[in-house]
Q: 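The structure under discussion is supplied below as structure tokens; questions concerning it will follow.
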Amino acid sequence: MASTTHDAGHGAADAAHGAVDAAAHGSSGMPQLDFSTYGNQIFWLLVTLVVIYLILSRVALPRIAAILNERHGTITNDLAAAEDLKAKAVEAENAYNKALADARAEAQRIAAETRAEIQVEVDEAIARADAEISAKAAESEKAIAEIRASSLDSVKEVATDTAAALVAALGGKDDVDTIAAAVADRTKG
Amino acid sequence: MGKLFFYVALALVLVSGVIFAPEHAGLAIHPMDQFTVKPLFGGDHIAWYTPTNVTLWMFLAVLAIFALLVIGSSSRSIVPSRGQSVAELAYGFIYKMVEDVAGKDAVKFFPYIITLFMFIVVSNFLGLIPMSFTTTSHFAVTGVLAVVVFVAITLTGFILHGGKFLGLFWVSSAPLALRPVLALIEVISYFVRPVSLCIRLAGNIMAGHAVLKVFAGFAGALGFASFLPIFAISAFYALEVLVAFIQAYVFTILTCVYLKDALHPSH
Amino acid sequence: MEGDLAYIGAGLAGMGTGIAALGVGNVAANFLAGALRNPSAAASQTATLFIGIAFAEALGIFSFLVALLLMFAV
């Protein structure tokens with residue numbers, strides 16, 4: 001229910017040109033300037049503000065702060081756990097790499113050892129072979145020298161004989177020592 | 001779907017314009033009537049304790065804040081529900097504002113500032129419900145809010161800094177001859193603060209609501225063509241939703257700015 | 001007659017609202033110009049923007065109030 005002053009205000013606005021009437025009524029047109037309601041509004045406003053303040057400071061704000069803190073804590077914990085797991089993963093990878101490197105080194109070592117053993121055997125075999133070859137060569141050389149010496153003797157004999165026969169045939173006096181010296185002189189070298 | 005909805009709404013507006021058109025179309029604009037303070041249970045006299053529509057809408061504001069911040073956060077879940085997200089958003093928004101604008105040591109004033117903000121923003125939004133009463137459109141209400149802020153901040157300044165708080169008005173970086181003039185200007189601007197806080201909030205809300213009412217009056221006068229002002233009202237309503245939030249934000253952030261002056265008065 | 005003069009005054013005071021709109025537009029336009037030049041700094045200055053707009057608009061609201069007072073209270 002509007003008060004009588006407001007009814008007067010409506011009348012003034014309805015009769016669009018009769019605003020002079022409204023002007024005569026002072027602050028009738030603007031409820032904001034109706035000072036008789038100020039006490040009421042201020043009282044209820046203060047009550048409202050105090051109630052809101054109590055609700056917020058006693059219940060709502062601590063609760064929301066707790067929720068936010070808890071969430072922050074959870075997120076921090078989860079991040080820490082993730083960090084932990086990541087560190088573990090890195091560690092595992094390092095261990096794997098190390099094992100891999102060890103295995104490779106072992107394999108190389110074994111290979112080198114095997115190669116050295118084989119080398120030794122090969123060297124031995126080569127040495128043996130060399131010795132055999134040189135022994136055979138020496139034998140052969142000896143045989144060749146023998147053959148050469150015997151053939152040289154034969155040649156000397158034949159040449160001496162032939163030369164004696166030739167000298168005899170030519171009517172010469174067979175001087176065996178001279179002929180032998182000449183043959184030996186000729187067959188030398 | 002959206003298009004269909006739009007056409008249905010348009011048809012509704014047109015039909016209701018035809019059905020509810022007043023028999024005698026007259027320009028009946030009473031933009032200020034919506035701000036009238038009325039006793040809830042009849043009677044003409046308004047004493048300081050009378051339950052009025054002010055009481056009703058302030059009570060609804062308390063209920064809304066309770067629902068939003070207390071019931072909304074009651075599940076205390078780590079992954080928030082929608083209501084809890086809004087409550088946390090409001091909390092974080094104001095907390096960050098206080099911390100950023102007024103400084104870390106202003107955090108102990110945070111409950112007071114969020115009380116102010118929640119009251120203003122919820123009252124503004126409740127006032128946008130059609131046929132409602134907007135408590136923040138009254139100078140009595142915003143004036144008390146502004147004076148409370150002003151007195152609290154001035155007292156804080158004097159309690160923390162004593163006489164040194166007056167250094168706020170003595171611009172020591174200015175030439176000596178200019179300082180008295182500047183001090184006068186600073187004092188005046190200091191005392192204009194609550195006036196401007198009060199009038200900015202109430203004036204913005206009042207102006208927006210009065211404009212809506214004026215357009216509603218046009219709708220009554222145009223009869224069949226009343227849907228034209230209704231579109232204008234829809235547009236203005238969207239603007240008013242924005243204004244309702246921005247004015248609460250501005251009131252709060254200016255409080256924080258003034259609080260910073262009181263905590264660190266070095267000029 | 002006196003009331004008619006008050007209406008004229010209210011209309012004149014109402015012009016102040018429009019002039020305040022120029023101020024608000026000026027604030028927003030300069031903010032936008034600065035924000036486009038340095039978009040990374042824009043987000044941190046929105047609070048300042050709103051304070052500036054609020055100060056500019058408050059004066060327009062003052063003149064609107066004067067208009068209302070002339071309409072209804074004088």
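No experiment lies behind these values; they were computed from the predicted model shown. A, B, ... follow the sequence lines: proteins, then strands. Residue 1 opens every chain.
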Q: If you count the non-hydrogen atoms of other residues, nucleotides and ligands that lie under 6.0 Å from CZ in A:R109, is the total more than 12?
A: yes
Q: Any chance you could measure B:I78, atom CD1, to A:D78, atom CG, to the nearest 0.5 Å?
A: 10.0 Å
Q: Kindly determine whether A:I52 and B:V122 satisfy side chain to side chain contact (heavy atoms under 4.5 Å, CB included), including the steps that lead there.
A: CA-CA 11 Å; A:I52 294 175; B:V122 168; over 6 Å; no
Q: Any sub-3.5 Å donor-acceptor pair from A:W44's side-chain atoms to B:T50's backbone N or O?
A: yes
Q: For A:Q41 and B:H138, which I'm curious about, is there any donor-acceptor pair between the side chains at under 3.5 Å?
A: yes
Q: What part of B:F110 gets closer than 4.5 Å to chain A, counting heavy atoms only: side chain, backbone, both or neither?
A: side chain
Q: Of the backbone (N, CA, C, O) and the side chain (C-beta and beyond), which part of B:A87 lies under 4.5 Å from a heavy atom of chain A, both, or neither?
A: both
Q: Using modelled atom types and a 3.5 Å cut-off, is there a donor and acceptor pairing between side-chain atoms of A:N40 and backbone atoms of B:A47?
A: yes
Q: If the threshold is 4.0 Å, N to carboxylate O, is there a salt bridge linking B:R76 and A:E70?
A: no
Q: A quick test of your reading: do over 12 heavy atoms of other residues, nucleotides or ligands sit less than 6.0 Å from CD of A:E139?
A: no
Q: Is there side-chain contact between B:F139 and A:Y38, with at least one heavy-atom pair below 4.5 Å?
A: yes
Q: Please classify the contact of A:A66 with chain B as side chain, backbone, both or neither, using a heavy-atom distance under 4.5 Å.
A: neither
Q: What part of B:P31 lies closer than 4.5 angstrom to a heavy atom of chain A: side chain, backbone, both or neither?
A: neither
Q: Within this structure, what is the OG1-CZ distance for the pair B:T55 and A:F43, rounded to the nearest 0.5 Å?
A: 8.5 Å
Q: Do A:L56 and B:P111 come within less than 4.5 Å of each other through their side chains, counting heavy atoms only?
A: no
Q: Could you tell me whether the side chain of A:I67 reaches within less than 4.5 Å of the side chain of B:S73, counting heavy atoms only?
A: yes
Q: I'd like to know which of B:A61, B:G42, B:P80, B:G92 tops the heavy-atom pair count under 4.5 Å against chain A.
A: B:P80
Q: For B:Y49, does the OH atom have more than 12 heavy-atom neighbours from other residues, nucleotides or ligands under 6.0 Å away?
A: no
Q: Could you tell me which of A:L68, A:V51, A:V59, A:L46 has the largest number of non-hydrogen atom pairs under 4.5 Å with chain B?
A: A:L68
Q: Which atom names give the shortest non-hydrogen contact between B:L69 and A:A60, and what distance separates them?
A: CB-CB, 3.8 Å
Q: Hey, does A:T37 have a side-chain heavy atom less than 4.5 Å from the side chain of B:V54?
A: no
Q: Would you say the rings of A:Y53 and B:Y112 are close, in the sense that their centroids are separated by under 6.0 Å?
A: yes
Q: Select one option (side chain, backbone, both, neither) describing which atoms of B:Q84 are under 4.5 Å from chain A's heavy atoms.
A: side chain
Q: Looking at B:F66, B:Y95, B:F119, B:F59, which makes the most heavy-atom pairs under 4.5 Å with chain A?
A: B:F119
Q: Side chain, backbone, both or neither: which part of A:T74 has a heavy atom under 4.5 Å from chain B?
A: side chain
Q: Specify which of B:V62, B:L68, B:V70 makes the most heavy-atom pairs with chain A at under 4.5 Å.
A: B:V70
Q: Can you say whether A:I75 sits under 4.5 Å from chain B via the side chain, the backbone, both, or neither, judging by heavy atoms?
A: neither
Q: Between A:L45 and B:T135, does the side chain to side chain contact (heavy atoms under 4.5 Å, CB included) criterion hold? Intermediate values first, please.
A: CA-CA 9 Å; A:L45 171 66; B:T135 49; over 6 Å; no
Q: What part of A:L61 gets closer than 4.5 Å to chain B, counting heavy atoms only: side chain, backbone, both or neither?
A: both
Q: Could you state the interatomic distance from CD (A:Q32) to OG1 (B:T36), rounded to the nearest 0.5 Å?
A: 9.0 Å
Q: Check whether B:S74 gets within reach of chain A through its side chain, its backbone, both or neither, counting any heavy atom under 4.5 Å.
A: both
Q: Side chain from CB out, backbone as N, CA, C, O: work out which of these in B:I65 comes under 4.5 Å of a heavy atom of chain A, or both, or neither.
A: side chain
Q: Flag the pair A:S36 / B:H45 as yes when at least one side-chain heavy-atom distance between them is below 4.5 Å, and no otherwise.
A: no
Q: Report which part of B:Y91 has an atom under 4.5 Å of a heavy atom belonging to chain A: side chain, backbone, both, or neither.
A: side chain
Q: If you draw a 6.0 Å radius around NZ in A:K86, do more than 12 non-hydrogen atoms from other residues or ligands fall strictly inside?
A: no
